[in-house]
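Here the structure comes first, spelled out in structure tokens, and everything after it is commentary.
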Amino acid sequence: MLLLLFRLSFLSFFPSLSLSQHFAPTGTKPHHRISVSLNFKQRKQREEKRRMMMKLDTSGLESFSAAVPSAMAAAEDQLFAPPSFDLPAGCADFDKFQMEAKQTLKHAKGTTTLAFIFNQGVIVAADSRASMGGYISSQSVKKIIEINPYMLGTMAGGAADCQFWHRNLGIKCRLHELANKRRISVTGASKLLANILYSYRGMGLSIGTMIAGWDEKGPGLYYVDSEGGRLKGNRFSVGSGSPYAYGVLDNGYRPDMTVDEAHELARRAIYHATFRDGASGGVVSVYHVGPNGWKKLSGDDVSELHYKYYPVQPTPVEHEMVDAPPA
Amino acid sequence: MSIFEYNGSALVAMVGKNCFAIASDRRLGVQLQTVATDFQRVFKIHDRLYIGLSGLATDAQTMYQKLVFRHKLYQLREERDMKPQTFASLVSALLYEKRFGPFFCQPVIAGLGDNDEPFICTMDCLGAKELAKDFVVSGTASESLYGACESMYKPDMEPEELFETISQALLSSVDRDCLSGWGGYVLLVTPTEVQEKILKGRMD
């Protein structure tokens, strides 16, 4: 039953593909200019015929496979449909199993990521710690995922979930480019991801991501999460360290910053979050998305930043043993 | 998260040649949020006896106050300081008194006994004593600490080498724990002097 749900709720948001026009029925045929007097019955029949021929163009709503010969459809179906996963074998009560699985994998979104738009583009920054409960499993996780040369996604929540779905999104964006001969907009990419995550709502995915990029309309930033939410905005921070990052970010933000000032603001915000939050730490990565795509600005170790911002003061010594001066 | 992981802590004590060292981290947190980076976990009972208390911070402080009270009474009655072995039995008894509503702390006791013989032991929250000849660990980072100490420890180390070893073991273990760290504190005790040192560690 659940597999059917994937199919039913999947809405294709591709603009009408040029290929489909060869196959969808066209509009009405041109009329011959003869004056014909028709009785009521003939007029009615002619109207019905016209209505039947004037079909609504629903090619945008149906899946690509319906409009294309079956040989191609099978291959395309695998690419366009959301991946469907096998149910675990030998499981009598799937709902109960799913509840238990969700409890086991309860991720606390232990991380800090942030992104903001300013006059010169978008800055995206993140820490690099992965934690399993109290244990630090890695201090060098790449949390800023490069979807394509002009779009970035951030990772918060389940690492596997984020990595898989961002890669899936990258695939869809590339297919869109190939099908439409133009890049996908940030709006479109974030909508693609949000719709997929909505269809898996309630199944225990844990993703809190931001899609940042530069398209024809300029800089774009969207927040997308595994509950199916999608928000457009200018400043976002996601993760367990986000309250601390917001404090620094909101205080220092100005739309007319230079790239260097914005860089330092993002770095400082993430540093403060790693200091206060136990689940954030490691290395601060900062990226900048401009009109020519993204560029990695820096990757600084958080500990070194601490001693740079707050150098160690020599403490006054109360009692110090010194050798007696030679007589 | 369990009650023992509410505040976060890391403690280790090591034995050297006629000396011992006891070290702790300096973080006080409320689950994932860090509230203080100068929290004291190692307390002095008398010049040659120290106790470190990991686990719930409030219980650690209360336990310390009760122990200081009991030791002062002992000093008044016996007119001398308590031996480390006696003190360990006292801690164990106090913890077991609360068997069905325990203090959520795990002590690490380190002291110099007769003939300047170093003594270390640890206990669980109910008072089960565990004596060791080499090192004892406690806290949220205890599993990492066991591994680090086991590989870095050598018997009969001189004070300087002991200090290096215990510092490295502590810092590398808390770097794998979200709930402890933010600096380190090491106390090195020899028959003639006591050295307190604060370690510069990762602040994340």
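Throughout, protein chains are lettered first and strands after them, A, B, ... in sequence-line order, and every chain is numbered starting at 1.
The most heavy-atom pairs under 4.5 Å with chain B, out of A:Gln139, A:Arg276, A:His306, A:Glu304, come from A:Arg276. Of the residues considered (B:Thr140, B:Asp175, B:Leu179), B:Asp175 shows the highest number of contacts with chain A, using heavy-atom pairs under 4.5 Å.
The contact between B:Thr37 and chain A is made entirely by side chain atoms (from C-beta outward), counting heavy-atom distances below 4.5 Å. Neither the backbone nor the side chain of A:Asp127 comes within less than 4.5 Å of any heavy atom of chain B. Heavy atoms of B:Gln33 lying under 4.5 Å from chain A belong to its backbone as well as its side chain. Heavy atoms of A:Tyr271 lying under 4.5 Å from chain B are absent altogether.
Between the side chains of A:Tyr135 and B:Glu143, not a single donor N or O lies within less than 3.5 Å of an accepting N or O.
Judged by a 6.0 Å distance limit and a 45° cone about the ring axis, B:Arg41 is not positioned over the six-membered ring of B:Tyr185.
Ion pair B:Arg27/B:Asp25 not flagged as a salt bridge, since none of the NZ, NE, NH1 or NH2 atoms sits closer than 4.0 Å to an Asp/Glu carboxylate oxygen.
Taking a 6.0 Å sphere around OH of B:Tyr6, one finds it holds 12 or fewer heavy atoms contributed by other residues, nucleotides or ligands.
Not one N or O on the side chain of A:Thr274 forms a donor-acceptor pair closer than 3.5 Å with the backbone of A:Ser280.
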